[in-house]
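Please find one structure pasted underneath; my questions will follow.
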Amino acid sequence: MAQAVEANGAPPPRPLDAIDQDILKILQADGRASIRSVAERVHVSRANAYARINRLVEDGVIRGFGARVDHERAGHGTSAYITLNIVQNTWRTVREQLRRLPGASHMALVGGDFDVLLLVHTPDNRALRELVLTRLQSIPEVLGTRTLLVFEEEDLEPDA
């Protein structure tokens with residue numbers, strides 16, 4: 001019997017139980033938590049915790065491990081959300097160009113008054129201006145942009 005496959009070629013995700021959910025919460029709060037620590041906190045063996053984490057990675061539930069950065073302290077004190085209107089059916093082309101933008105942190109194809117929402121972090125307003133007026137608006141598929149300057153932000157993910 002053939003295994004089901006999603007459109008992206010990956011197997012469909014397996015359901016997560018309460019232990020998997022707890023492991024995810026722990027690793028979101030502290031991506032550097034040891035297997036032993038995770039196992040103790042969810043009350044399973046180290047081998048079980050290791051196997052579960054590996055499965056979560058293999059299934060694409062955990063996409064990676066990294067550091068949460070304070071962008072201002074890292075020299076990128078200006079943040080903005082930029083909305084883009086793009087030519088219909090050009091998302092894949094635009095997405096590849098947005099991935100290469102310096103300071104691009106998050107992007108989403110959305111429905112509503114605009115097509116794309118892009119979060120960027122730049123050293124200052126001059127760099128933001130350059131990014132919007134020179135880089136973004138020179139992409140042929142971008143029909144228009146609107147820049148929303150971020151005055152203050154807060155990470156809602158659990159603290160370590």
Side-chain angles (χ1 to χ4, degrees), residues 1-86 88-123 128 131 136 146-160:
M1 176 181 264
Q3 182 179 9
V5 176
E6 293 188 335
N8 65 5
R14 294 177 260 195
L16 303 183
D17 63 16
I19 293 172
D20 292 332
Q21 296 289 349
D22 288 344
I23 288 172
L24 289 175
K25 287 177 189 166
I26 292 166
L27 293 176
Q28 283 179 299
D30 180 8
R32 295 172 23 155
S34 69
I35 297 290
R36 188 186 86 203
S37 166
V38 171
E40 288 172 358
R41 290 173 62 186
V42 299
H43 310 292
V44 298
S45 69
R46 282 191 301 230
N48 188 323
Y50 182 81
R52 285 173 177 266
I53 292 169
N54 277 345
R55 180 179 48 82
L56 291 168
V57 170
E58 289 169 5
D59 285 355
V61 175
I62 296 175
R63 297 183 299 178
F65 297 87
R68 290 196 310 267
V69 175
D70 180 319
H71 296 284
E72 189 170 354
R73 293 182 63 87
H76 289 92
T78 299
S79 297
Y81 286 95
I82 303 168
T83 66
L84 294 88
N85 287 311
I86 62 174
Q88 189 172 1
N89 296 322
T90 61
W91 165 240
R92 286 179 182 85
T93 302
V94 171
R95 178 179 58 199
E96 292 311 310
Q97 295 177 71
L98 296 179
R99 283 182 175 152
R100 294 191 296 267
L101 287 175
S105 174
H106 180 86
M107 66 178 140
L109 178 65
V110 297
D113 294 337
F114 49 88
D115 303 309
V116 178
L117 182 62
L118 176 68
L119 174 60
V120 298
H121 304 283
T122 61
L128 176 61
L131 185 127
L136 277 176
R146 174 177 255 162
T147 303
L148 307 166
L149 192 60
V150 173
F151 294 128
E152 186 175 319
E153 60 187 317
E154 181 176 337
D155 187 1
L156 298 178
E157 294 179 3
D159 289 333

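Residue numbers start at 1 and run along the sequence shown.
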- Task: Please determine if Arg52 and Asp17 form a salt bridge, counting it only when a charged side-chain N lies under 4.0 Å from a carboxylate O.
- Result: yes

- Query: When rounded to the nearest 0.5 angstrom, what distance separates OG in Ser105 from NE2 in His76?
  - Reply: 10.5 Å

- Message: I'd like to check Arg146 versus Ile82 (side-chain heavy atoms, cut-off strictly below 4.5 Å). Are they in contact?
- Response: no

- Query: Rounded to the nearest 0.5 Å, what separation is found between the CZ atom of Arg41 and the CZ atom of Arg36?
  - Reply: 12.5 Å

- Query: Just by modelled atom types, is the Val61 backbone N or O under 3.5 Å from a matching donor or acceptor in the Asp59 side chain?
  - Reply: no

- To the nearest 0.5 Å, what is the distance between CG (Leu56) and CG (Leu27)? 8.0 Å

- From CD (Glu152) to CD (Glu154), nearest 0.5 Å: 8.0 Å

- Task: Mark yes or no for whether Thr90, through its side chain, and Thr93, through its backbone, hold a donor-acceptor pair below 3.5 Å.
- Result: no

Under 3.5 Å donor-acceptor pairs involving side-chain atoms of residues 107-122, not counting sequence neighbours:
{"from": "Asp115", "atom 1": "OD2", "to": "Ile86", "atom 2": "N", "distance (Å)": "2.8"}
{"from": "His121", "atom 1": "ND1", "to": "Ser79", "atom 2": "OG", "distance (Å)": "2.7"}
{"from": "His121", "atom 1": "NE2", "to": "His71", "atom 2": "NE2", "distance (Å)": "3.3"}
{"from": "Thr122", "atom 1": "OG1", "to": "Asp124", "atom 2": "O", "distance (Å)": "3.1"}

- Message: Side chains of Leu149 and Leu128, heavy atoms from C-beta outward: is any pair under 4.5 Å?
- Response: yes

- Task: Determine whether more than 12 heavy atoms belonging to other residues, nucleotides or ligands lie under 6.0 Å from atom CZ of Arg63.
- Result: no

- Message: Using 0.5 Å steps for rounding, measure from the CD atom of Gln28 to the NZ atom of Lys25.
- Response: 9.0 Å

- Message: Do the side chains of Arg100 and Glu96 get close enough for a salt bridge, i.e. N-O under 4.0 angstrom?
- Response: no

- Close side-chain approach of Tyr50 and Val44, heavy atoms under 4.5 Å: no

- Task: Identify, with sequence neighbours excluded, every residue that meets side chain to side chain contact (heavy atoms under 4.5 Å, CB included) alongside Gln21.
- Result: Leu16, Leu24

- Of all heavy-atom pairs linking Ile26 and Ala33, the shortest is CG2-CB, 4.2 Å

- Between Ser45 and Ala39, what is the shortest heavy-atom contact and its length? O-CB, 3.7 Å

- Message: Could you tell me if the side chain of Arg55 sits less than 4.5 Å from the side chain of Asp20, heavy atoms only?
- Response: yes

